[in-house]
Amino acid sequence: YEMLPDWRLESRDIGSPLVIVEHPKGMRRKTADHLLEYVQAGGAVLLTGMGLTQDERFAELFGVKILTGPKAPEKLSADLDGTTHEFDHWLFRLEPTAAQTLLSVQTADGQVYPLLTGHGLGKGRVHYVSVPLLSSHGNQAVPRSVIQEIFRRVLPLSQRLLTTNAAETVETVLR
């Protein structure tokens with residue numbers, strides 16, 4: 001995956017099969033257009049948190065409907081392979097319309113909502129995580145094991161390849 005500035009997206013300088021849009025508090029229409037063009041051409045986008053609210057087209061194109069936005073952090077739990085991972089976070093309550101629910105989260109009152117959804121769009125794929133995924137908000141942070149599982153489902157390890165024409169004496173470091 002790759003995190004890139006708007007200018008690289010607009011110039012179509014994307015060297016990754018996955019673009020992450022982490023909990024944006026604002027997005028220009030032109031940026032949204034470029035993200036959608038990228039997906040239509042075969043790329044993948046992972047949008048998190050407030051991202052779904054940044055363009056009126058996103059909910060429908062991502063195959064979900066927002067039921068309610070978060071009013072405060074709340075206790076959540078996600079079950080992964082029989083292990084429950086508890087955390088506090090700001091949850092956008094969703095209902096899938098066309099998207100597939102890939103991971104769910106349970107609220108303190110026992111309600112279950114999508115945590116990760118996936119949906120085909122053009123030749124590509126869009127994913128949405130209903131909480132800020134990589135941003136820590138005070139005590140609100142997604143457990144590392146849940147983050148790893150989300151990335152495993154969005155971009156499996158077998159697809160995370162680095163291609164370079166550097167000499168074999170060059171050490172490569174990714175951040």
- Does some side-chain heavy atom of Val126 sit less than 4.5 Å from a side-chain heavy atom of Leu35? no
- Note: His89 and Ser135 closest approach over all heavy atoms is NE2-O, 3.9 Å
- Report whether Trp90 and Ile147 are members of the same hydrophobic cluster (ILVMFWY, side-chain heavy atoms less than 4.5 Å apart, transitive linking). no
- Message: If I compare all heavy atoms of Ala78 with all of Val146, which pair ends up nearest, and what's the gap?
- Response: CB-CG2, 4.4 Å
- Message: Just so I know, are the side chains of His85 and Ser77 near enough to count as touching, which here means a heavy-atom distance under 4.5 Å?
- Response: no
- Give the minimum heavy-atom separation between Gly26 and Gln54, together with the two atoms involved. CA-OE1, 3.1 Å
- Same apolar cluster: Leu18 and Leu133, side chain cutoff 4.5 Å: yes
- Item | Exam field: side chain Arg125 to backbone Val39, donor-acceptor pair closer than 3.5 Å | no
- Item | Donor-acceptor pair, side chain of Thr53 and main chain of Met50, under 3.5 angstrom | yes
- Task: Please name the pair of heavy atoms, one in Leu91 and one in Ser130, separated by the smallest distance, quoted to 0.1 Å.
- Result: CD1-OG, 3.3 Å
- So, for Gly122 and Gln40, which heavy atoms are closest and what is the spacing to 0.1 Å? CA-OE1, 3.2 Å
- Message: With a 4.5 Å cut-off on side-chain heavy-atom distances among I, L, V, M, F, W and Y, is there a chain of contacts connecting Val112 to Leu102?
- Response: no
- Query: Would you call Phe87 and Lys75 a side-chain contact if the rule is heavy atoms closer than 4.5 Å?
  - Reply: no
- Flag the pair Arg153 / Leu103 as yes when at least one side-chain heavy-atom distance between them is below 4.5 Å, and no otherwise. yes
- Worked check of side-chain contact (heavy atoms from CB on, under 4.5 Å) between Phe151 and Ile20: CA-CA 11 Å; Phe151 282 123; Ile20 300 168; 3.7 Å; yes
- Do Asp33 and Arg57 meet the salt-bridge criterion of a basic N to acidic O distance under 4.0 Å? yes
- Note on the structure: Tested for side-chain contact (heavy atoms from CB on, under 4.5 Å) against Leu52, the lone hit among Val129, Val21, Ile66 is Ile66
- Task: Might you confirm whether atom CG of Asp109 has over 12 heavy atoms from other residues, nucleotides or ligands at distances under 6.0 Å?
- Result: yes
- Query: Between Gln140 and Asp88, is there a donor-acceptor pair closer than 3.5 Å when you use the side chain of the first and the backbone of the second?
  - Reply: no
- Side chains of Thr48 and Val131: does their closest heavy-atom pair fall under 4.5 Å? no
- Item | Thr68 vs Phe92 side-chain heavy atoms within contact, under 4.5 Å | no
- Message: Hydrophobic clusters here meaning ILVMFWY residues chained together by side-chain heavy-atom distances under 4.5 Å, can you tell me if Leu155 and Leu115 are in one?
- Response: yes
- Where do Thr117 and Gln100 land on the side chain to side chain donor-acceptor pair (under 3.5 Å) test, with the steps shown first? CA-CA 5 Å; Thr117 62; Gln100 177 184 13; over 6 Å; no
- Task: Kindly write out the residues that satisfy salt bridge (Lys or Arg N to Asp or Glu O under 4.0 Å) with Glu37, not counting sequence neighbours, or none if the list is empty.
- Result: Arg12
- What's the spacing between Ser104 OG and Leu76 CG if we round to 0.5 Å? 12.0 Å
- Query: Short question: side chain of Thr84, backbone of Asp79 - any donor-acceptor pair under 3.5 Å?
  - Reply: no
- Query: Looking at side-chain heavy atoms only, is the closest gap between Leu94 and Thr101 below 4.5 Å?
  - Reply: no
- Query: Do Leu47 and Phe58 come within less than 4.5 Å of each other through their side chains, counting heavy atoms only?
  - Reply: yes
- Item | Sidechain-backbone polar pair: Glu74 side chain, Thr107 backbone, donor-acceptor under 3.5 Å | no
- Query: Is Val19 linked to Leu61 within one hydrophobic cluster, defined over Ile, Leu, Val, Met, Phe, Trp and Tyr using a side-chain heavy-atom separation of less than 4.5 Å?
  - Reply: yes
- For Tyr128 and Gly49, indicate whether the former's side chain and the latter's backbone hold a donor-acceptor pair under 3.5 Å. yes
- Query: Which distance, rounded to the nearest 0.5 Å, do you find between the CG of Asp55 and the CG of Leu36?
  - Reply: 6.5 Å
- How far apart are the closest heavy atoms of His119 and Gly63, and which atoms are they? CD2-N, 4.0 Å
- Task: For side-chain contact (heavy atoms from CB on, under 4.5 Å), just list the numbers for Leu46 and Leu116, CA-CA rounded to whole Å, side-chain angles, deciding distance to a tenth of an Å, and then say yes or no.
- Result: CA-CA 9 Å; Leu46 175 64; Leu116 171 64; 4.3 Å; yes
- Item | Salt bridge flag under 4.0 Å for residues Arg29 and Glu56 | yes
